[in-house]
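If you're wondering where the values come from, they're calculated on a predicted model, not measured in any experiment. The chains referred to below are lettered A, B, ... by the order of the sequence lines, with proteins before strands, and numbering in each begins at 1.
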Amino acid sequence: MTALPKKYWLFKSEPESFSIADLAKAPNQTTSWEGVRNYRARNILRDEIKVGDEVFFHHSSTNPPGIVGVCSIVKAGYPDSLALNPQSEYFDPADAKDNPRWYTVDVKLMRKFSKMISLTTLKETKGLEKMMVCQRGARLSIQPVTFDEWRIVNRLAVRLETS
DNA sequence: GCCAACGTTGGC
DNA sequence: GCCAACGTTGGC
């Protein structure tokens with residue numbers, strides 16, 4: 001069996017609803033990334049993300065927004081059961097168990113940065129000009145990250161932590 | 001299938 | 001709180 005090349009992603013979360021501190025406290029530092037209700041993001045969760053892929057955890061709608069750590073995918077796409085739960089804010093009455101519409105993956109915390117890499121810093125960093133999260137109006141909550149962008153951001157993280 | 005109106009996201 | 005940029009909905 002040949003391992004597929006690892007891919008890299010950025011997941012956005014509003015820390016008021018789920019923060020990296022919440023993930024750090026979760027059992028096994030693992031959570032199901034539930035509640036994504038956007039078709040482009042759904043397609044990525046369902047079709048593209050594989051076990052072993054790595055993820056930047058990004059805090060949005062906060063001041064400042066930015067990348068706060070690194071996660072790893074421990075379970076690939078599977079149906080998001082919250083879509084079937086009428087009690088959930090993520091309930092979707094059109095969802096059907098035999099034909100699931102929404103998907104989730106499981107992520108495990110690998111590293112929490114001691115200092116956030118702010119969006120401002122990302123935007124100022126050479127090589128990240130085309131990174132999706134740096135683009136105006138890039139609302140997608142599950143974003144692809146290139147290998148080059150991944151390396152540059154990780155180097156930034158090391159530099160910030162030792163400065 | 002077009003597109004206007006409406007709703008949401010998210011940086012600022 | 002503003003508002004630009006997206007996404008979704010629904011009339012036609």
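Among B:dG10, B:dC12, C:dA5, the nucleotide with an atom closest to any side-chain atom of A:K123 is B:dC12. You'll find that the side chain of A:N38 is closest to C:dG7, out of B:dC12, C:dG7, C:dA5. Taking every side-chain heavy atom of A:R40 into account, C:dG7 is the closest of B:dG10, C:dT8, C:dG7. Side-chain proximity of A:K12 to B:dG10, C:dA5, C:dT8: nearest is B:dG10.
The separation between A:E124 atom CD and B:dG11 atom C1' is 15 Å, rounded to whole Å. Rounded to whole angstrom, the span from the CZ atom of A:R139 across to the P atom of C:dC6 amounts to 8 Å. Summarising the geometry, the separation between CD on A:E16 and P on B:dT9 is reported as 13 Å, rounded to the nearest angstrom. Rounded to an integer number of Å, the gap from A:R101 CZ to C:dT8 C1' is 12 Å. Nucleotide C:dA5 holds its C1' atom 14 Å from the CD atom of A:Q143, rounded to whole Å. A straight line from OH of A:Y39 to P of C:dT9 spans 7 Å, rounded to a whole angstrom. Distance A:M132 CE to C:dC6 C1': 13 Å, rounded to the nearest Å. Look at NE2 on A:H58: it is 10 Å from C1' on B:dG10, rounded to the nearest Å.
You'll find the ring centres of A:F56 and A:W9 outside the 6.0 Å limit.
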### Pair A:R159-A:N154, side-chain hydrogen bond (donor to acceptor under 3.5 Å, both in side chains): steps then yes or no
CA-CA 9 Å; A:R159 202 184 313 155; A:N154 274 293; over 6 Å; no
### Message
Could you go through A:D106 and A:Y78, starting from their C-alpha distance and side-chain angles, then the distance that decides it, and tell me whether this counts as side-chain hydrogen bond (donor to acceptor under 3.5 Å, both in side chains)?
### Response
CA-CA 9 Å; A:D106 287 358; A:Y78 63 98; 2.5 Å; yes
### Task
Using the side-chain hydrogen bond (donor to acceptor under 3.5 Å, both in side chains) rule, take A:D95 and A:W102 through it: C-alpha gap first, then chi angles, then the decisive distance, then the call.
CA-CA 8 Å; A:D95 198 55; A:W102 304 114; 5.1 Å; no
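With hydrogens and angles ignored, no donor-acceptor pair closer than 3.5 Å exists between the side chain of A:R136 and the base of C:dA5.
Counting non-hydrogen atoms of other residues, nucleotides and ligands closer than 6.0 Å to CD of A:E16 gives a total of 12 or fewer.
If you check every strand for non-hydrogen atoms under 4.0 Å, A:L140 touches nothing.
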